[in-house]
Amino acid sequence: MKIEVDIPIPEESVDESAKERLRHAALEAAVLRLFDERRISSVEAAHDLGLTRIQFMELARKRDIPQYDYTTDDLAEDLSDLVAVQCRR
């Protein structure tokens, strides 16, 4: 799917280099948002941005986007499992 967005910017304020930086920044923001909403995987996001998965995960970390959905309920379940394992010993 391709989404096109028109952003009104005075022509004299943007050269080709600036246009490319703005295009990349918009693409990066969109991909990061989709990843943050868990609509795409880190593999898909990395591919869309032309990065390795490691490079993408570093970018997400720098932008304070959680890489995993580890909830307090997950923690409680893991702690319960650990207690159960310890009791069996």
Side-chain angles (χ1 to χ4, degrees):
M1 169 189 257
K2 182 177 181 179
I3 298 173
E4 293 186 32
V5 178
D6 289 323
I7 303 172
I9 298 173
E11 204 168 310
E12 64 276 0
S13 65
V14 197
D15 60 13
E16 283 304 313
S17 176
K19 282 182 191 177
E20 183 56 29
R21 287 192 312 274
L22 286 170
R23 186 200 67 74
H24 181 75
L27 174 62
E28 189 175 275
V31 168
L32 285 166
R33 170 63 64 93
L34 290 170
F35 175 73
D36 190 30
E37 293 175 357
R38 299 308 185 243
R39 295 179 180 268
I40 61 174
S41 70
S42 61
V43 173
E44 292 169 305
H47 179 266
D48 291 346
L49 294 176
L51 303 172
T52 66
R53 186 166 178 268
I54 299 298
Q55 288 170 323
F56 175 75
M57 298 308 276
E58 180 63 18
L59 175 64
R61 186 193 64 75
K62 286 179 183 176
R63 300 291 169 81
D64 293 324
I65 296 172
Q67 299 174 22
Y68 306 101
D69 289 327
Y70 192 75
T71 66
T72 54
D73 289 341
D74 294 330
L75 176 60
E77 186 177 333
D78 288 347
L79 290 173
S80 175
D81 290 345
L82 285 171
V83 168
V85 167
Q86 288 295 324
C87 290
R88 287 186 220 151
R89 287 184 174 191

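All of these numbers come straight from a predicted model, not from anything done at the bench.
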Verify same cluster id: V5, V14 (apolar side-chain graph, 4.5 Å): yes
Nearest-0.5 Å distance, CG of residue L27 to CG of residue L32: 9.0 Å
What pairs of donor and acceptor atoms, side-chain ones from residues 45-55 against any protein atom, are under 3.5 angstrom apart with sequence neighbours left out?
| from | atom 1 | to | atom 2 | distance (Å) |
| --- | --- | --- | --- | --- |
| T52 | OG1 | Q55 | N | 3.0 |
| T52 | OG1 | Q55 | OE1 | 3.3 |
| R53 | NE | S42 | OG | 2.7 |
| R53 | NH2 | S42 | OG | 3.3 |
| Q55 | OE1 | T52 | N | 2.8 |

Shortest non-hydrogen contact between R38 and Q67, atoms and distance: NH2-C, 3.5 Å
Residue pairs passing the salt bridge (Lys or Arg N to Asp or Glu O under 4.0 Å) test where at least one lies in residues 5-17, sequence neighbours excluded: E16-K19
Charged tip of R33 within 45° of F35 ring normal and under 6.0 Å: no
Same apolar cluster (I L V M F W Y, side chains within < 4.5 Å links), L75/Y68: no
E44 side chain to S41 side chain, donor-acceptor N/O pair below 3.5 angstrom: yes
Donor-acceptor contact below 3.5 Å, side chain D74 vs main chain T71: yes
Linked hydrophobic residues, V85 as query - side chain contacts closer than 4.5 Å: none
From E28 atom CD to R23 atom CZ, the distance as rounded to the nearest 0.5 Å: 11.0 Å
Stepwise side-chain contact (heavy atoms from CB on, under 4.5 Å) test for L22 and I9: CA-CA 11 Å; L22 286 170; I9 298 173; 3.8 Å; yes
Over 12 non-hydrogen atoms of neighbours within 6.0 angstrom of CZ in R39: no
